[in-house]
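One structure below.
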Amino acid sequence: MPRRAAELLLLSLGLFALLEISARLYLFGFAGLIPERVNSVRGLPQTGYTMPSIDRRLGFELRPNLDGYFKLVPFQTNSRGLRDREYEWVKPAGTFRVAVVGSSFALPAGVAIEDAFHSRLEEQLASELAPRGVEFLNFAVGMYNPEQVLAMLELRALAYRPDLVLFTVTRLSMPWLGEDPASPEGSRRRTLDPDTVPAFTGSCPMLRSFLVRLVAQRTGGATLERVEQLGSLEALYLRLTERPERPAGGTPLPRLSPSPPVEGSVIERLARLAGRSGVPVVLVHLEFEDREPEAIDREVAGQAQAHGIAYLDTRDAFQGTRASEFWIYAIDPHPNAEAHRRFAHRIGGFLREQGLLPRVES
């Protein structure tokens with residue numbers, strides 16, 4: 001009897017391992033069998049790629065000179081901590097420079113930098129506007145809320161003297177934009193906002209069961225996923241190794257209290273900043289779900305236009321499609337390379353329609 005039980009146990013474990021390998025191949029292709037790549041399938045706080053910022057309004061930022069993987073794709077930063085190539089601080093003569101600010105969709109998470117919408121736009125417009133130079137500088141940082149995106153624009157991006165700003169937002173960030181942070185609702189939202197600085201916690205996705213995660217995602221089985229997390233090899237490994245909560249550099253991240261409330265909504269302050277700097281701003285709602293605009297979408301669009309900010313919702317580039325077609329993989333709804341191609345096409349067309357591109361000299 002014990003021998004029969006052992007055989008059944010080994011058979012069950014073998015079958016589970018086979019199904020687990022199949023799930024990883026389905027989700028990630030052959031990259032799902034490479035430990036370094038699988039271990040990149042985690043949130044930005046678990047990568048060790050962030051560090052505390054000297055600017056309180058930012059809270060945290062990307063480390064400079066990174067070279068690794070994030071959500072399966074290569075992830076590098078330049079000497080100033082931007083996920084982009086090196087750019088001169090002083091804008092070259094005759095160059096049309098665009099600053100892109102935002103969060104994970106613009107970073108972008110899970111998409112090679114050459115496939116990002118801003119990289120595609122830089123390449124396309126460089127050909128279209130030649131011999132004028134074209135530069136799209138990427139200041140996006142994953143997990144930034146609109147307050148941090150606005151701070152990044154004001155404290156960092158404008159120092160590069162851009163000719164245009166693309167202020168990108170997502171569905172999750174829309175409620176932030178029109179609220180006065182000094183109002184009761186704005187104060188509540190800031191209080192409930194996730195920690196200003198994301199803590200680094202231990203993570204080893206290679207030891208997770210992506211089979212269970214996939215089944216939970218397809219069935220809505222939140223309980224199943226929690227059971228997997230509690231009893232997973234990853235959880236056991238982290239308990240045994242007793243990894244402390246600290247970034248890769250070894251210094252614990254400080255916990256910053258929220259900044260004091262400021263006057264005006266993000267949209268109002270963005271408009272004032274655009275007016276002071278003389279740099280036109282386009283508020284780009286990066287949306288790839290074919291759905292009707294919600295009340296908050298219409299409200300933000302109206303407020304932006306009332307304050308003289310051009311507003312673009314990219315969802316009309318995805319009519320007749322399913323949102324899941326554009327996920328980086330089946331358990332992560334960040335937009336994939338095809339979504340970024342459509343973003344680039346729609347944004348480029350909008351910039352032409354609005355006369356925001358320089359004229360081509362004949």
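Given the structure is predicted, the values throughout are model-derived calculations rather than measurements. Side-chain atoms are counted along with the backbone in the values below, which use heavy atoms only and exclude waters and symmetry mates.
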Exercise for the section: Flag yes if more than 12 heavy atoms outside Arg85 fall under 6.0 Å of its CZ atom; otherwise flag no. Expected result: yes
Handout entry: Validation row: Pro162, Val98 side chains within 4.5 angstrom (heavy atoms)
Key = no
Exercise for the section: Go through the steps to decide whether Arg156 and Arg80 satisfy the test side chain to side chain contact (heavy atoms under 4.5 Å, CB included), and finish with yes or no. Expected result: CA-CA 10 Å; Arg156 303 289 175 82; Arg80 294 192 174 98; over 6 Å; no
Practice task
Answer yes or no: does atom CZ of Arg322 have more than 12 heavy-atom neighbours from other residues, nucleotides or ligands under 6.0 Å?
Solution key: no
Practice task
Verify the ring-centre separation between Tyr160 and Tyr87: is it less than 6.0 angstrom?
Solution key: no
Handout entry: Phe343 ring center near Phe105 ring center (under 6.0 Å)
Key = no
Handout entry: Stepwise side chain to side chain contact (heavy atoms under 4.5 Å, CB included) check, Val284 with Thr314
Key = CA-CA 7 Å; Val284 183; Thr314 61; 4.0 Å; yes
Practice task
Give a yes or no on this: more than 12 heavy atoms of other residues, nucleotides or ligands lie within 6.0 Å of atom CD of Glu123.
Solution key: no
Practice task
Answer yes when Arg57 and Asp55 have at least one side-chain N-carboxylate O distance shorter than 4.0 Å, and no when they do not.
Solution key: no
Handout entry: Carboxylate-amine/guanidinium proximity below 4.0 Å for Glu338 and Arg341
Key = yes
Practice task
State whether the number of non-hydrogen atoms from other residues, nucleotides or ligands found under 6.0 Å of Glu86 atom CD is greater than 12.
Solution key: yes
Exercise for the section: Would you please indicate if the ring centroids of Phe60 and Tyr144 are separated by under 6.0 Å? Expected result: yes
Exercise for the section: Under the side chain to side chain contact (heavy atoms under 4.5 Å, CB included) rule, what do Leu270 and Ile267 come out as? Steps first, then yes or no, please. Expected result: CA-CA 5 Å; Leu270 179 60; Ile267 289 179; 5.5 Å; no
Practice task
Taking the side chain as every heavy atom from C-beta outward, state whether Ile113 and Asn138 have any pair of such atoms under 4.5 Å apart.
Solution key: yes
Practice task
Using a 4.5 Å cut-off on heavy atoms from C-beta on, say whether the side chain of Val73 contacts that of Val111.
Solution key: no
Exercise for the section: Would you mind checking if Asp115 and Arg120 are paired as a salt bridge, meaning a charged N to carboxylate O distance below 4.0 Å? Expected result: yes
Practice task
May I ask you to say whether Lys91 pairs ionically with Glu135, meaning some side-chain N is under 4.0 Å from a carboxylate O?
Solution key: no
Problem - Electrostatic pair Glu154:Arg272 at N-O distance under 4.0 angstrom - result: no
